[in-house]
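Structure first, then comments.
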Number of protein chains: 2
Amino acid sequence: MKREEKILSDYLSANNLKFTQQRKVILDAFLSLEHHVSAEELYDKLKKKDYGIGLATVYRTLNIFSSCGLAQQRQFGDGQSRYEHEVDHGHHDHLLCQQCGKITEFENKHIEELQKEVAKEKGYVVFTHKLELHGLCPDCAS
Amino acid sequence: MKREEKILSDYLSANNLKFTQQRKVILDAFLSLEHHVSAEELYDKLKKKDYGIGLATVYRTLNIFSSCGLAQQRQFGDGQSRYEHEVDHGHHDHLLCQQCGKITEFENKHIEELQKEVAKEKGYVVFTHKLELHGLCPDCAS
DNA sequence: GTGTTTGCAAATGCTTTGCATCCCT
DNA sequence: AGGGATGCAAAGCATTTGCAAACAC
(Lines give C-alpha, C1' and ligand atoms only; values in the text may rest on other atoms or scores of the structure.)
Protein backbone atom coordinates (compact mmCIF):
# COMPACT_ATOMS: atom_id res chain seq x y z
CA MET A 1 0.00 0.00 0.00
CA LYS A 2 1.27 3.42 -0.96
CA ARG A 3 2.39 5.70 1.80
CA GLU A 4 -0.28 8.25 1.00
CA GLU A 5 -2.93 5.57 1.02
CA LYS A 6 -1.87 4.53 4.48
CA ILE A 7 -2.02 8.10 5.75
CA LEU A 8 -5.55 8.46 4.41
CA SER A 9 -6.63 5.07 5.64
CA ASP A 10 -5.30 5.76 9.13
CA TYR A 11 -6.98 9.13 9.26
CA LEU A 12 -10.29 7.71 8.12
CA SER A 13 -10.43 4.88 10.61
CA ALA A 14 -9.29 7.16 13.41
CA ASN A 15 -12.29 9.35 12.69
CA ASN A 16 -14.90 6.70 12.02
CA LEU A 17 -14.93 7.52 8.35
CA LYS A 18 -14.93 5.05 5.50
CA PHE A 19 -12.37 4.21 2.86
CA THR A 20 -14.65 4.23 -0.15
CA GLN A 21 -13.95 3.46 -3.80
CA GLN A 22 -14.32 7.13 -4.65
CA ARG A 23 -11.81 8.25 -2.07
CA LYS A 24 -9.26 5.83 -3.40
CA VAL A 25 -9.85 6.81 -7.02
CA ILE A 26 -9.66 10.51 -6.18
CA LEU A 27 -6.45 10.00 -4.21
CA ASP A 28 -4.79 8.22 -7.13
CA ALA A 29 -5.88 10.88 -9.59
CA PHE A 30 -4.72 13.62 -7.25
CA LEU A 31 -1.29 12.08 -6.86
CA SER A 32 -0.95 11.45 -10.59
CA LEU A 33 -1.55 15.09 -11.45
CA GLU A 34 1.00 17.84 -11.19
CA HIS A 35 0.99 20.06 -8.17
CA HIS A 36 -1.41 23.00 -7.79
CA VAL A 37 -4.53 21.24 -9.03
CA SER A 38 -7.95 22.84 -8.76
CA ALA A 39 -11.03 20.83 -7.80
CA GLU A 40 -12.44 21.39 -11.27
CA GLU A 41 -9.30 20.07 -12.96
CA LEU A 42 -9.35 16.97 -10.83
CA TYR A 43 -13.05 16.50 -11.56
CA ASP A 44 -12.45 16.83 -15.31
CA LYS A 45 -9.74 14.20 -15.17
CA LEU A 46 -12.08 11.81 -13.37
CA LYS A 47 -14.96 12.54 -15.72
CA LYS A 48 -12.91 11.35 -18.67
CA LYS A 49 -12.56 7.96 -17.05
CA ASP A 50 -16.30 7.69 -16.50
CA TYR A 51 -16.25 6.86 -12.84
CA GLY A 52 -19.42 8.86 -12.28
CA ILE A 53 -17.87 10.79 -9.43
CA GLY A 54 -19.59 14.10 -8.69
CA LEU A 55 -17.89 17.44 -8.25
CA ALA A 56 -19.26 17.70 -4.72
CA THR A 57 -17.48 14.49 -3.80
CA VAL A 58 -14.24 15.85 -5.20
CA TYR A 59 -14.58 18.92 -2.99
CA ARG A 60 -15.49 16.86 0.04
CA THR A 61 -12.56 14.54 -0.54
CA LEU A 62 -10.06 17.34 -1.07
CA ASN A 63 -11.17 18.79 2.24
CA ILE A 64 -10.42 15.46 3.87
CA PHE A 65 -6.99 15.42 2.21
CA SER A 66 -6.33 18.84 3.68
CA SER A 67 -7.40 17.68 7.12
CA CYS A 68 -5.11 14.69 7.14
CA GLY A 69 -2.12 16.54 5.77
CA LEU A 70 -2.07 14.90 2.35
CA ALA A 71 -2.82 18.18 0.63
CA GLN A 72 -2.44 21.84 1.25
CA GLN A 73 -5.00 24.32 0.03
CA ARG A 74 -3.75 27.53 -1.56
CA GLN A 75 -5.28 30.58 -3.15
CA PHE A 76 -3.28 32.44 -5.72
CA GLY A 77 -5.89 35.10 -6.37
CA ASP A 78 -7.56 33.74 -9.49
CA GLY A 79 -10.76 32.99 -7.64
CA GLN A 80 -10.32 29.29 -7.06
CA SER A 81 -8.49 27.12 -4.57
CA ARG A 82 -5.61 24.95 -5.64
CA TYR A 83 -4.43 21.86 -3.85
CA GLU A 84 -0.86 20.62 -3.53
CA HIS A 85 0.56 17.27 -2.49
CA GLU A 86 2.26 17.58 0.87
CA VAL A 87 3.82 14.15 1.35
CA ASP A 88 7.38 13.73 0.04
CA HIS A 89 7.22 17.33 -0.96
CA GLY A 90 8.58 19.62 1.68
CA HIS A 91 7.72 23.21 2.30
CA HIS A 92 8.39 25.64 -0.50
CA ASP A 93 7.19 28.95 -1.90
CA HIS A 94 6.11 30.12 -5.34
CA LEU A 95 7.10 32.23 -8.28
CA LEU A 96 4.02 33.04 -10.39
CA CYS A 97 3.99 34.25 -13.98
CA GLN A 98 1.36 36.92 -14.52
CA GLN A 99 1.27 36.26 -18.24
CA CYS A 100 1.17 32.51 -18.81
CA GLY A 101 0.19 31.40 -15.31
CA LYS A 102 3.25 29.20 -14.87
CA ILE A 103 4.11 28.33 -11.29
CA THR A 104 7.69 27.66 -10.19
CA GLU A 105 8.59 26.50 -6.73
CA PHE A 106 11.57 27.52 -4.65
CA GLU A 107 12.91 27.21 -1.16
CA ASN A 108 15.23 29.50 0.72
CA LYS A 109 16.30 28.70 4.26
CA HIS A 110 17.76 32.11 4.79
CA ILE A 111 14.45 33.86 4.08
CA GLU A 112 12.72 31.53 6.49
CA GLU A 113 15.16 32.36 9.24
CA LEU A 114 14.56 36.05 8.73
CA GLN A 115 10.82 35.43 8.92
CA LYS A 116 11.29 33.84 12.31
CA GLU A 117 13.19 36.87 13.49
CA VAL A 118 10.45 39.20 12.31
CA ALA A 119 7.80 37.15 14.08
CA LYS A 120 9.80 37.14 17.28
CA GLU A 121 10.21 40.91 17.15
CA LYS A 122 6.47 41.35 16.86
CA GLY A 123 5.69 38.79 19.53
CA TYR A 124 3.93 36.39 17.18
CA VAL A 125 4.15 32.60 17.20
CA VAL A 126 4.22 31.58 13.54
CA PHE A 127 3.13 28.16 12.29
CA THR A 128 3.14 28.58 8.53
CA HIS A 129 3.87 31.17 5.93
CA LYS A 130 3.11 31.95 2.32
CA LEU A 131 5.47 33.78 0.04
CA GLU A 132 4.56 34.54 -3.54
CA LEU A 133 6.69 36.39 -6.04
CA HIS A 134 4.62 37.73 -8.93
CA GLY A 135 6.16 38.65 -12.25
CA LEU A 136 7.21 37.12 -15.55
CA CYS A 137 8.73 33.70 -16.09
CA PRO A 138 11.90 33.36 -18.20
CA ASP A 139 9.88 32.62 -21.36
CA CYS A 140 7.45 35.52 -21.02
CA ALA A 141 10.14 37.96 -19.91
CA SER A 142 12.13 37.62 -23.10
CA MET B 1 -7.95 68.97 -2.25
CA LYS B 2 -6.54 65.89 -0.61
CA ARG B 3 -3.71 64.14 -2.34
CA GLU B 4 -5.74 60.97 -2.82
CA GLU B 5 -8.58 62.97 -4.29
CA LYS B 6 -6.23 64.47 -6.84
CA ILE B 7 -4.91 61.05 -7.82
CA LEU B 8 -8.44 59.80 -8.35
CA SER B 9 -9.55 62.93 -10.16
CA ASP B 10 -6.55 62.82 -12.51
CA TYR B 11 -7.11 59.16 -13.26
CA LEU B 12 -10.80 59.70 -13.96
CA SER B 13 -10.35 62.59 -16.35
CA ALA B 14 -7.49 60.84 -18.11
CA ASN B 15 -9.87 57.97 -18.82
CA ASN B 16 -13.01 59.90 -19.68
CA LEU B 17 -14.63 58.84 -16.44
CA LYS B 18 -16.59 61.08 -14.11
CA PHE B 19 -15.92 62.26 -10.61
CA THR B 20 -19.31 61.47 -9.11
CA GLN B 21 -20.67 62.16 -5.65
CA GLN B 22 -20.56 58.46 -4.88
CA ARG B 23 -16.93 58.12 -5.83
CA LYS B 24 -16.01 60.98 -3.55
CA VAL B 25 -18.05 59.63 -0.64
CA ILE B 26 -16.61 56.15 -1.06
CA LEU B 27 -13.07 57.52 -1.24
CA ASP B 28 -13.52 59.44 2.01
CA ALA B 29 -15.02 56.43 3.77
CA PHE B 30 -12.25 54.19 2.45
CA LEU B 31 -9.55 56.51 3.71
CA SER B 32 -11.24 56.93 7.08
CA LEU B 33 -11.31 53.21 7.76
CA GLU B 34 -8.40 51.15 8.93
CA HIS B 35 -6.40 49.19 6.42
CA HIS B 36 -7.56 45.82 5.10
CA VAL B 37 -11.20 46.72 4.53
CA SER B 38 -13.56 44.39 2.69
CA ALA B 39 -16.16 45.70 0.24
CA GLU B 40 -18.91 44.60 2.59
CA GLU B 41 -17.41 46.49 5.52
CA LEU B 42 -17.12 49.65 3.48
CA TYR B 43 -20.70 49.20 2.27
CA ASP B 44 -21.94 48.76 5.84
CA LYS B 45 -20.21 51.94 6.91
CA LEU B 46 -21.85 53.85 4.07
CA LYS B 47 -25.26 52.33 4.73
CA LYS B 48 -25.26 53.75 8.24
CA LYS B 49 -24.95 57.23 6.81
CA ASP B 50 -27.89 56.67 4.47
CA TYR B 51 -26.26 57.74 1.27
CA GLY B 52 -28.18 55.12 -0.65
CA ILE B 53 -25.03 53.77 -2.24
CA GLY B 54 -25.33 50.21 -3.55
CA LEU B 55 -22.93 47.38 -2.92
CA ALA B 56 -22.27 47.05 -6.65
CA THR B 57 -21.08 50.63 -6.75
CA VAL B 58 -18.73 49.97 -3.87
CA TYR B 59 -17.21 47.05 -5.76
CA ARG B 60 -16.97 49.05 -8.98
CA THR B 61 -15.34 51.94 -7.17
CA LEU B 62 -12.84 49.77 -5.32
CA ASN B 63 -11.81 48.33 -8.67
CA ILE B 64 -11.17 51.85 -9.89
CA PHE B 65 -9.09 52.57 -6.77
CA SER B 66 -7.04 49.47 -7.55
CA SER B 67 -6.52 50.59 -11.12
CA CYS B 68 -5.27 54.03 -10.20
CA GLY B 69 -3.00 52.83 -7.42
CA LEU B 70 -5.04 54.19 -4.52
CA ALA B 71 -5.75 50.73 -3.20
CA GLN B 72 -4.26 47.32 -3.34
CA GLN B 73 -6.43 44.23 -3.40
CA ARG B 74 -5.41 41.30 -1.23
CA GLN B 75 -6.77 37.87 -0.43
CA PHE B 76 -5.91 36.34 2.89
CA GLY B 77 -7.82 33.12 2.32
CA ASP B 78 -11.05 33.85 4.18
CA GLY B 79 -13.00 33.98 0.94
CA GLN B 80 -13.24 37.71 0.46
CA SER B 81 -10.96 40.38 -0.94
CA ARG B 82 -9.58 43.10 1.27
CA TYR B 83 -8.42 46.49 0.10
CA GLU B 84 -5.56 48.51 1.52
CA HIS B 85 -4.63 52.18 1.11
CA GLU B 86 -1.49 52.46 -0.93
CA VAL B 87 -0.75 56.19 -0.76
CA ASP B 88 1.48 57.30 2.10
CA HIS B 89 1.73 53.69 3.05
CA GLY B 90 4.68 51.95 1.48
CA HIS B 91 5.08 48.31 0.75
CA HIS B 92 4.87 45.92 3.66
CA ASP B 93 3.92 42.36 4.50
CA HIS B 94 1.61 40.76 7.03
CA LEU B 95 1.48 38.74 10.20
CA LEU B 96 -1.95 37.13 10.60
CA CYS B 97 -3.45 35.74 13.79
CA GLN B 98 -5.33 32.51 13.13
CA GLN B 99 -7.36 32.91 16.31
CA CYS B 100 -8.57 36.50 16.54
CA GLY B 101 -7.94 37.57 12.95
CA LYS B 102 -5.64 40.42 13.93
CA ILE B 103 -3.39 41.69 11.15
CA THR B 104 0.02 43.20 11.91
CA GLU B 105 2.20 44.75 9.24
CA PHE B 106 5.95 44.57 8.93
CA GLU B 107 8.71 45.36 6.52
CA ASN B 108 12.11 43.77 6.12
CA LYS B 109 14.53 44.99 3.52
CA HIS B 110 16.78 42.02 3.97
CA ILE B 111 14.04 39.53 3.09
CA GLU B 112 13.21 41.55 -0.01
CA GLU B 113 16.79 41.46 -1.17
CA LEU B 114 16.85 37.70 -0.82
CA GLN B 115 13.65 37.48 -2.82
CA LYS B 116 15.31 39.34 -5.65
CA GLU B 117 18.17 36.88 -5.56
CA VAL B 118 15.82 33.93 -5.74
CA ALA B 119 13.96 35.45 -8.69
CA LYS B 120 17.21 36.10 -10.50
CA GLU B 121 18.35 32.51 -9.95
CA LYS B 122 15.14 31.20 -11.50
CA GLY B 123 15.20 33.69 -14.36
CA TYR B 124 12.04 35.48 -13.31
CA VAL B 125 11.37 39.20 -13.45
CA VAL B 126 9.43 40.01 -10.29
CA PHE B 127 7.13 43.00 -9.95
CA THR B 128 5.43 42.38 -6.63
CA HIS B 129 5.37 39.88 -3.83
CA LYS B 130 3.16 38.75 -1.01
CA LEU B 131 4.48 37.38 2.23
CA GLU B 132 2.14 36.23 4.97
CA LEU B 133 3.16 34.75 8.29
CA HIS B 134 0.31 32.80 9.88
CA GLY B 135 0.21 32.04 13.58
CA LEU B 136 -0.85 33.57 16.89
CA CYS B 137 -0.59 37.20 17.90
CA PRO B 138 0.96 38.12 21.26
CA ASP B 139 -2.43 38.18 23.01
CA CYS B 140 -3.67 34.84 21.69
CA ALA B 141 -0.32 33.13 22.17
CA SER B 142 -0.27 33.71 25.92
C1' DG C 1 -27.40 66.59 -24.99
C1' DT C 2 -24.78 62.51 -24.60
C1' DG C 3 -22.33 59.02 -22.80
C1' DT C 4 -21.10 57.44 -18.12
C1' DT C 5 -22.75 55.93 -13.64
C1' DT C 6 -26.04 54.39 -10.51
C1' DG C 7 -29.07 51.13 -7.85
C1' DC C 8 -31.48 47.28 -8.18
C1' DA C 9 -32.05 42.65 -9.25
C1' DA C 10 -30.52 38.93 -11.67
C1' DA C 11 -26.53 36.33 -13.09
C1' DT C 12 -22.12 34.29 -12.35
C1' DG C 13 -18.46 31.22 -10.55
C1' DC C 14 -16.71 28.54 -6.88
C1' DT C 15 -17.93 25.82 -3.06
C1' DT C 16 -21.07 23.72 0.30
C1' DT C 17 -25.33 21.43 1.73
C1' DG C 18 -29.88 18.78 1.86
C1' DC C 19 -31.72 14.62 0.80
C1' DA C 20 -32.91 10.03 -0.79
C1' DT C 21 -30.24 6.23 -1.93
C1' DC C 22 -26.19 3.48 -1.67
C1' DC C 23 -22.33 1.18 0.34
C1' DC C 24 -18.50 0.22 3.81
C1' DT C 25 -17.54 -2.11 7.98
C1' DA D 1 -27.99 -3.49 10.24
C1' DG D 2 -26.68 1.15 10.50
C1' DG D 3 -24.28 5.22 10.14
C1' DG D 4 -21.40 7.45 7.02
C1' DA D 5 -20.87 8.54 1.78
C1' DT D 6 -22.59 9.56 -2.76
C1' DG D 7 -24.69 12.11 -6.69
C1' DC D 8 -27.66 15.29 -7.91
C1' DA D 9 -29.78 19.57 -7.56
C1' DA D 10 -30.42 23.44 -4.91
C1' DA D 11 -28.48 26.76 -1.79
C1' DG D 12 -24.69 29.98 -0.32
C1' DC D 13 -21.29 33.55 -0.76
C1' DA D 14 -18.61 37.09 -2.89
C1' DT D 15 -18.47 39.52 -6.94
C1' DT D 16 -20.02 41.04 -11.55
C1' DT D 17 -23.32 42.43 -15.00
C1' DG D 18 -27.72 44.04 -17.52
C1' DC D 19 -30.79 47.62 -17.67
C1' DA D 20 -33.61 51.78 -17.24
C1' DA D 21 -33.29 55.95 -14.87
C1' DA D 22 -30.20 59.68 -13.20
C1' DC D 23 -26.26 62.44 -13.52
C1' DA D 24 -21.70 64.76 -14.80
C1' DC D 25 -19.47 67.43 -18.07
Side-chain angles (χ1 to χ4, degrees), chain A residues 1 5 8-27 29-30 36-68 71-83, chain B residues 1 5 8-27 29-30 36-68 71-83:
Chain A
M1 180 155 71
E5 210 172 307
L8 178 58
S9 160
D10 287 351
Y11 174 83
L12 292 173
S13 50
N15 290 276
N16 279 322
L17 304 176
K18 291 166 185 176
F19 201 156
T20 61
Q21 281 299 316
Q22 288 90 332
R23 284 173 182 167
K24 170 150 181 40
V25 169
I26 293 173
L27 177 62
F30 176 60
H36 317 114
V37 187
S38 70
E40 198 79 36
E41 284 164 2
L42 194 46
Y43 173 67
D44 284 345
K45 163 118 183 178
L46 293 165
K47 203 158 55 178
K48 279 183 196 138
K49 302 217 171 168
D50 250 340
Y51 290 122
I53 293 179
L55 181 56
T57 301
V58 174
Y59 274 105
R60 284 186 280 232
T61 306
L62 283 171
N63 284 336
I64 291 176
F65 291 176
S66 297
S67 302
C68 67
Q72 182 157 350
Q73 196 175 163
R74 292 184 180 271
Q75 278 147 294
F76 291 124
D78 61 341
Q80 54 180 16
S81 291
R82 297 190 166 276
Y83 300 80
Chain B
M1 178 154 72
E5 210 171 306
L8 178 58
S9 161
D10 287 350
Y11 174 83
L12 293 174
S13 50
N15 290 276
N16 281 321
L17 304 176
K18 292 166 184 177
F19 201 156
T20 61
Q21 281 299 315
Q22 287 89 333
R23 284 173 182 166
K24 169 149 181 44
V25 168
I26 292 172
L27 176 62
F30 176 59
H36 316 113
V37 187
S38 69
E40 197 80 35
E41 283 163 3
L42 194 46
Y43 173 68
D44 284 345
K45 164 120 183 178
L46 293 165
K47 204 159 55 178
K48 277 182 197 139
K49 301 217 170 164
D50 250 339
Y51 289 121
I53 292 179
L55 181 55
T57 301
V58 173
Y59 273 105
R60 285 187 278 232
T61 305
L62 284 171
N63 283 336
I64 290 177
F65 291 176
S66 297
S67 301
C68 66
Q72 182 154 351
Q73 197 175 162
R74 291 183 180 272
Q75 278 147 294
F76 292 124
D78 61 342
Q80 54 180 16
S81 291
R82 299 191 165 273
Y83 300 80

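Being a predicted model, the structure only gives us computed values, none of them experimental. A, B, ... follow the sequence lines: proteins, then strands. Residue 1 opens every chain.
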Below 4.0 Å: OP1/OP2 of D:dT16 and any side-chain N or O of B:Y59 = no

Which nucleotide in the set D:dT17, C:dG7, C:dC14 lies at the smallest distance from any side-chain heavy atom of B:Q22?
-> C:dG7

When all nucleic acid strands are considered with a 4.0 Å heavy-atom cut-off, which category describes A:Q21: base, sugar-phosphate, or nothing?
-> sugar-phosphate

Want to settle it: does B:G79 or A:L12 sit nearer the 5' end of DNA chain D, counting the closest nucleotide to each?
-> A:L12

With the side chain defined as heavy atoms from C-beta on, B:L55 is closest, among D:dG3, D:dT15, C:dT16, to D:dT15

Is there a donor N/O on one and an acceptor N/O on the other, under 3.5 Å, for the side chain of A:R60 and the base of D:dG4?
-> no

Quantified as the angle between the terminal helix axes (five pairs each), what is the overall bend of the helix from C:dG1-D:dC25 to C:dT25-D:dA1 to 10 degrees?
-> 30°

Taking the side chain as every heavy atom from C-beta outward, state whether B:S81 and B:Y83 have any pair of such atoms under 4.5 Å apart.
-> yes

Has A:T20 got a side-chain N or O lying under 4.0 Å from the OP1 or OP2 atom of D:dT6?
-> yes

Centroid-centroid distance, A:F65 to A:F30, less than 6.0 Å | yes

Counting side-chain heavy atoms from CB outward, which of D:dT6, C:dT5, D:dT15 is closest to A:T57?
-> D:dT6

Which residue, A:I26 or B:Y83, contacts DNA chain D at a nucleotide closer to its 5' end, judged by nearest heavy atom?
-> A:I26

A:K18: partners by salt bridge (Lys or Arg N to Asp or Glu O under 4.0 Å), with sequence neighbours left out | none

Among D:dG7, C:dG7, C:dT4, the nucleotide that comes nearest once only the side chain of A:I53 is considered | D:dG7

Under-4.0 Å side-chain N/O to phosphate OP1/OP2 contact, B:N63 with D:dT16 = yes

Heavy atoms of A:N63 and A:Q73 approach each other most closely as OD1-NE2, 4.3 Å

D:dA14 OP1/OP2 closer than 4.0 Å to side-chain N/O of B:S81 | no

Nearest to the side chain of A:A56, which nucleotide is it out of C:dC8, C:dT4, D:dA9?
-> D:dA9

Can you name the nearest heavy-atom pair linking A:R23 to A:L8, along with the distance?
-> O-CD2, 4.3 Å

B:R23 has a side chain; which of D:dA5, D:dA14, C:dT5 sits nearest to it?
-> C:dT5

Contacts table for residues 38-57 of chain B: side-chain donor-acceptor under 3.5 angstrom, sequence neighbours left out:
unit_1	atom_1	unit_2	atom_2	d
B:S38	OG	B:E41	N	3.2
B:E41	OE1	B:S38	N	3.0
B:E41	OE1	B:R82	NH1	3.4
B:E41	OE2	B:R82	NH1	3.4
B:K45	NZ	B:S32	OG	3.4

